[in-house]
Amino acid sequence: NVLLARVVPRSGPGGKSKKVKLVENGNEPKTTETEQNKEISVPAPVSMGKWKNKERVLVFSSRGINFRTRHLMQDLRTMMPHTKADTKMDRKDKLFVINEVCEIKNCNKCLFFEAKKKQDLYMWVANVPHGPSAKFLVQNVHTLAELKMTGNCLKGSRPLLSFDPQFDKEPHYALLKELFIQTFSTPQYHPRSQPFVDHVFTFTITDNRIWFRNYQIIEEDASMVEIGPRFVLNLIKIFQGSFGGPTLFENPHFESPNTRRRVIRLATASKLREKQMVKELQKLKRTENKEVVTRDVTDDVFATPAEERPVHIELEAPAAKVVKKNKHKAFKRQRMQKR
């Protein structure tokens, strides 16, 4: 006898559930009380719900970005399954063109990376097409490939968003919080998402900057391990419209990269100028007319009086010394006679 499982659909409270029957030899027998106990009800999957919040985020950049920015964009697309990609935009085009690109791609949020001077990276977070939009300077970028963290999460899983308490204290931070929630959170029942929550996006405010971190939840007691990537957002301005419009907020603590580099150059130039002045002063001291000293006052220290000795005058000539000649030969002759 061969037992075959047959799946019979049955409606349930959570959607369409399924019922499994055990069939003998492929023939469906009559249902009895004993066979009804063998029926197994399979609950409906969680992701069968209706996709209502259809948020789509367009992630792309301008031309002139480096490899680190390109990898950062790829990491964000991997973490956010509700994103779309597009080709790089020409730097000569105006930023208002991005609204048309988002409309073509059917996206209502946008993350646009703008590169300037091949070293400065700016990021726009915008709500298309009515706004608002925020412009940030991206600093301290570290991608997934660089960090090599031990954490790992399921691809397409939905994240938890954790915000610093300071986001609720000031109005411009509250606006950014709502913008980040709508942009970075994966919509429920998204077709490309998984019905799991296993990682956390944290936004922390320190030193007037927003620090982004990504952690994996590894245990039920909320112990976490960092995954990556990580970057720091320095707020520049918040605009009322999408990629433009009236300025709602301007960061008074922001210092542009050009100003900072100029200050560093001026500090280096002042140090070099100071060294050059010291060299010129030393050269002037060498070329000054030196005073010729005819008499040294320290010579008197070494002037010591000599002892006076009586003068002895010899009146007679000294006696002449007798010099023995051939003394060696006489000594040799004596030795020979002894033998």
Y173 and F167 aromatic ring geometry - parallel, tilted or perpendicular at 30°/60° bounds | perpendicular
Would you say the side-chain atoms of R209 pair up with the backbone N or O of D207, donor to acceptor, closer than 3.5 Å?
-> yes
Other ILVMFWY residues reachable from F96 by side-chain steps of under 4.5 Å = none
Is the backbone of F180 close enough, under 3.5 Å, to the side chain of T183 for a donor and an acceptor to pair up by distance?
-> no
Does the distance from a Lys or Arg side-chain N to an Asp or Glu carboxylate O, for R91 and E114, drop under 4.0 Å?
-> no
Count the heavy atoms belonging to other residues, nucleotides or ligands that lie under 6.0 Å from CD of Q119, then report whether that count exceeds 12.
-> yes
Spell out, as yes or no, whether a donor-acceptor pair under 3.5 Å connects the side chain of N140 to the backbone of V232.
-> no
Under 3.5 Å, is there a donor-acceptor pair linking the side chains of T69 and N66?
-> yes
S62 side chain to A115 main-chain N or O, any donor-acceptor pair under 3.5 Å?
-> yes
Any donor and acceptor pair, going by atom type alone, linking the side chain of N127 with main-chain N or O of K109 inside 3.5 Å?
-> no
CZ on F239 to CG on L95, rounded to 0.5 Å | 9.0 Å
cation_pi(K116, Y122) dist<6.0 Å, angle<=45 | yes
Thinking salt bridges, do K177 and D168 make one under a 4.0 Å N-O criterion?
-> yes
Have H130 and S242 got a donor and an acceptor in their side chains that come within less than 3.5 Å?
-> no
Any salt bridge between K92 and D90, counting N to O under 4.0 Å?
-> no
Within-4.5 Å side-chain heavy-atom neighbours: K117 and R261 = yes
